[in-house]
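Comments concern the structure below.
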Amino acid sequence: MKIPQVKGTRDFYPPQMAVRNWIIDGWKRVSLRNGFEEYDGPILEHLKMYQVKSGDEIVEQLFSLQDRGGRELAIRPEITPTLARMVNQQINSLPRPIKWFSVPRLCRAERPQKGRLREFFQWNIDIIGEDDVRADADVIFTTVDYLRDIGLTANDIVVKISSRRMLAAVLKEIGVSEGSLDSLYAVLDKKNKLPGETFEKMLDELLRDSGMVSKVRAFMELENIQQIEHMFGRQEAFNELVGLMKLLNSMGIGDYYRFDQGIVRGLAYYTGIVFEIYDKASELRAICGGGRYDNLLKDFGGPAISATGMGMGDCVLEILLREKGLLDVTELEKGLDYFIAYVPTIVSFEDNRTPLSVAVELAAELRRMDKRVDVSYRLTGLGKQLKEAAGRNAKNCIIIGDEFRERKLVVKDMATGEQEVVDYDEFLGRCDE
RNA sequence: GUGAAAGUAGCUCAGUCGGAUAGAGCACUGGAUUGUGGUUCCAGGGGUCGCGGGUUCGAAUCCCGUCUUUCACCCCA
C-alpha cells in the first residue's frame, strides 16, 4: 500500500535538509551574536492555552487531539504562548532583561499556498522585561542583521515600521471612539493591499462620518513622522518612533527601514512599535513581522511585564532566497573530506594485511580526527571507486596501492586531479593539526 | 471555509477526433575501463497513466466522485 505525504508537509531529502540547516544555522548564529539565548518548549500544549488568547478562529486552525486521559491537547501553532508560560513560571528567578530566541517547528491546519504550509519552522526572538525602545531597536537590528548576513541588501528588502500607540493617539485626535479602534486597525492594515476605492468604501462603512473618513485618509497619505507631528501635534508615541529610528540609523541600518502607517499587524495583542519586512521586488507575503506586546504575560496569568519580539517563517524566506539566487545548493551540500580507495588486485602486503583492511583502518583513524571519510562497500576496480568518490563529492581521494609497501599513500586532489605520494604517519600528523 | 487549474517512470514532460506491446530527456544500475574520476559510447531496471466508479467491443484519452498538488480568496499567531 502506498502511503501519501500529509497535506502541507515537506520531506527533507539531503539537498532540502542542507538548505533547511543552512537557514536555521544562520538564525541561531545571528541570534547568539546579538545576545539572545536559545530556549524551546514542547510540541504539545494544552488546547486551552491557545483558546485563552486567540478565540475560536485560531482554534479552528489548530491540530488538536485528545490523549488517553481525555486531555485536550494541541500541536503548537506558535511559540509565543509557550514562551509566556515558561517565563511566568520562573519570573522571579530569571535575570532581566530576558533575551531569548527559538526555532520551533510549528503546525497550522490552514490551506497551503505559496509561502504557507501546514508545517514549518519559525525563528522567534523576544526581549522580555525591557520597556526602552532600545529593545525594539535590538529586535529589528537582529532581524536585519540576519537578512543582511545572508546577502539581502537595502535594495532587496524594506522594514516597514509603525506604532500602534501613535496610531491610537492620532485616531483619538481625529475623533474615532475607543470601541471601534480594533476594527479600524483591521481596515488600515489592508491599506497597502487594497485598491484605493475599496479602502475608502471600507472606511466609510466603518466610521459613517465623512469628516473623519477624510481625516483618516489624509493621515494615511502622509509620508513621514514630521508631517504627522505637524498635523496632529507632538505626542509621546512620536518620541518613541523617532527614537527608534535614530537608534536604527546609528546601528547602521538606516537605509533598510521606512515609516509606514499601513503596518498595523493583524493580531490584537500588539501595543506599541510594530514592523514587517517585505521583499521590494516581488508580491510575496511579509517575510517576517513583529512588535511590542505589553500585555501578553499578564494575559497568561503573570505580572504586567512588557515584551517585544519578532517571528520569521522559513517558507517565504526560502522562496525569496531562491528568487534572488542566494541559495547555492551545491555549495551547501558538504561532501567527504576523504574517500579511501584501494587497489583490489593486490592480494596482501608483507604484513598480511589487505589493501581493504588498511583502508578501513585508515578511515577509522581519520574519523577519530573528525574528518568526513568513507570507503566503498563494493569490491571493484579503482576506476569505479574514483567514480564513486566523485559522486560522493569528495575533496580528496586516498589510494592504497603498491606504495603502501613503503608505508606511503597516494593523496589525490579531486578538483585539480593532482596527486602526491605521502608517508602514512606524516599524513596522519598533517590531518591532526 | 470559497473558487480555478493540474495529476503519465525517481524528476521535467510528450502522447487525446477513444485503438492493439505507453515514449523522450535527465537521474539510477551495469559494461566499454582488473592502478586513476566528473566527458563520451553501449546496455539495463523502473509505470495497474493519482485512486474509485461509469460509458464503450476497447479508456492515459470521455463522464462522475475522491485524494493530492499549485494558484487566488478568507485568514495570518
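Small disclaimer: the values here were computed from a predicted structure and weren't measured. By convention in this document, chain letters (A, B, ...) are assigned in the order of the sequence lines, proteins followed by strands, and residues within each chain are numbered from 1.
- Counting non-hydrogen atoms of other residues, nucleotides and ligands closer than 6.0 Å to CD of A/Glu350 gives a total above 12.
- For a distance-only test at 3.5 Å, the side chain of A/Gln61 qualifies as a donor-acceptor partner of the base of B/A77.
- The same atom, C1', is picked in B/U8 and in B/G3; the two are 27 Å apart, to the nearest Å.
- Within the 4.0 angstrom heavy-atom criterion, only backbone atoms of the sugar-phosphate kind lie near A/Gly8; the bases stay farther away.
- Atom CZ in A/Arg118 sits about 18 Å away from atom P in B/C76, given to the nearest Å.
- Shown here, B/U2 forms a base pair with B/A72; the pair counts as Watson-Crick or G-U wobble because both key distances fall under 3.5 Å.
- Rounded to whole Å, the distance from NZ on A/Lys387 to P on B/C41 is 12 Å.
- In this structure, A/Asp67 places its CG atom where more than 12 heavy-atom neighbours from other residues, nucleotides or ligands lie under 6.0 Å away.
- Using the Watson-Crick or G-U wobble rule with both distances under 3.5 Å, B/U36 pairs with nothing in any strand shown.
- With P as the reference atom, B/C49 and B/A22 are 10 Å apart, rounded to whole Å.
- Following rounding to the nearest Å, A/Asp189 (CG) and B/C76 (C1') show an atom-to-atom distance of 10 Å.
- Residue contacts shown for A/Gly401 include a base, since a base heavy atom lies under 4.0 Å away.
- For the pair A/Arg20 and A/Phe12, the cation sits on the ring face: its NZ or CZ lies under 6.0 Å from the ring centre, inside 45° of the axis.
- Comparing the same atom, C1', in B/A6 and in B/A14 gives a spacing of 16 Å after rounding to whole Å.
- Residue A/Arg285 is in base contact, counting any heavy-atom pair closer than 4.0 Å across all strands shown.
- Below 30°, between 30° and 60°, or above 60°: for A/Tyr338 and A/Phe427 the angle between ring planes is above 60°, a perpendicular geometry.
- Atom CZ of A/Arg116 and atom P of B/C71 are 11 Å apart (whole Å).
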Check: Yes or no on side chain to side chain donor-acceptor pair (under 3.5 Å) for A/Thr153 and A/Asp156, after CA distance, side-chain angles and deciding distance?
Finding: CA-CA 5 Å; A/Thr153 68; A/Asp156 300 313; 3.1 Å; yes

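- Looking at which nucleotide of RNA chain B each of A/Ile399 and A/Arg378 is closest to, the 5′-most match is held by A/Arg378.
- Of the candidates B/G37, B/C76, B/G35, the closest approach to any side-chain atom of A/Arg108 belongs to B/C76.
- Using a 4.0 Å cut-off between charged nitrogen and carboxylate oxygen, A/Glu205 and A/Lys201 do not count as a salt-bridge pair.
- The aromatic ring centroids of A/Trp123 and A/Tyr146 lie less than 6.0 Å from each other.
- In this entry the distance linking CZ of A/Phe120 with P of B/C76 reads 14 Å, nearest Å.
- Relative to the side chain of A/Glu78, the nucleotides B/A77, B/U36, B/G37 differ in distance, and B/A77 lies closest.
- Rounded to whole angstrom, the span from the CE atom of A/Met310 across to the C1' atom of B/C76 amounts to 16 Å.
- Taking the C1' atom of each, B/G65 and B/G23 are spaced 30 Å apart, rounded to whole Å.
- Across B/U34, B/C73, B/C76, the shortest atom-to-atom separation from the side chain of A/Gln113 is found for B/C73.
- Whole-Å rounding puts the A/Leu382 CG to B/U34 P distance at 11 Å.
- A/Ala186 comes within 4.0 angstrom of nothing in the nucleic acid, heavy atoms only.
- Within 4.0 Å of A/Gln419, counting heavy atoms only, lies at least one base atom of the nucleic acid.
- If you check every strand for non-hydrogen atoms under 4.0 Å, A/Gln122 touches nothing.
- Across B/C75 and B/G38, the matching C1' atoms stand 50 Å from one another, rounded to whole Å.
- For A/Pro77, counting side-chain heavy atoms from C-beta on, the closest listed nucleotide (B/G35, B/A77, B/U70) is B/A77.
- Taking atom C1' in both B/C17 and B/C62, one finds a spacing of 11 Å when rounded to whole Å.
- Nearest-nucleotide mapping onto RNA chain B: of A/Glu276 and A/Lys412, the residue sitting toward the 5' end is A/Lys412.
- Using cut-offs of 30° and 60° on the angle between ring planes, the pair A/Phe404 and A/Tyr424 is perpendicular.
- B/C73 and B/U66 have their P atoms separated by 25 Å, with the value rounded to a whole Å.
- Across all strands shown, B/G52 forms a Watson-Crick or G-U wobble pair, both distances under 3.5 Å, with B/C64.
- Taking a pair to require two hydrogen-bonding distances under 3.5 Å in either a Watson-Crick or a G-U wobble arrangement, B/A20 remains unpaired.
- Rounded to a whole angstrom, the distance from the P atom of B/U48 to that of B/G52 is 11 Å.
- When heavy atoms are screened at a 4.0 angstrom cut-off, A/Gly289 is found touching no nucleic acid atom at all.
- Using a 4.0 Å cut-off, no side-chain N or O of A/Lys384 falls inside it from OP1 or OP2 of B/U33.
- Here B/C26 sits opposite B/G10 as a Watson-Crick or G-U wobble pair (both hydrogen-bonding atom distances under 3.5 Å).
- Neither OP1 nor OP2 of B/U34 sits under 4.0 Å from any side-chain N or O of A/Thr380.
- Nearest nucleotide to the side chain of A/Thr345, out of B/G37, B/G35, B/C75: B/G35.
- Spacing between atom CD of A/Gln5 and atom P of B/G50 amounts to 18 Å, rounded to whole angstrom units.
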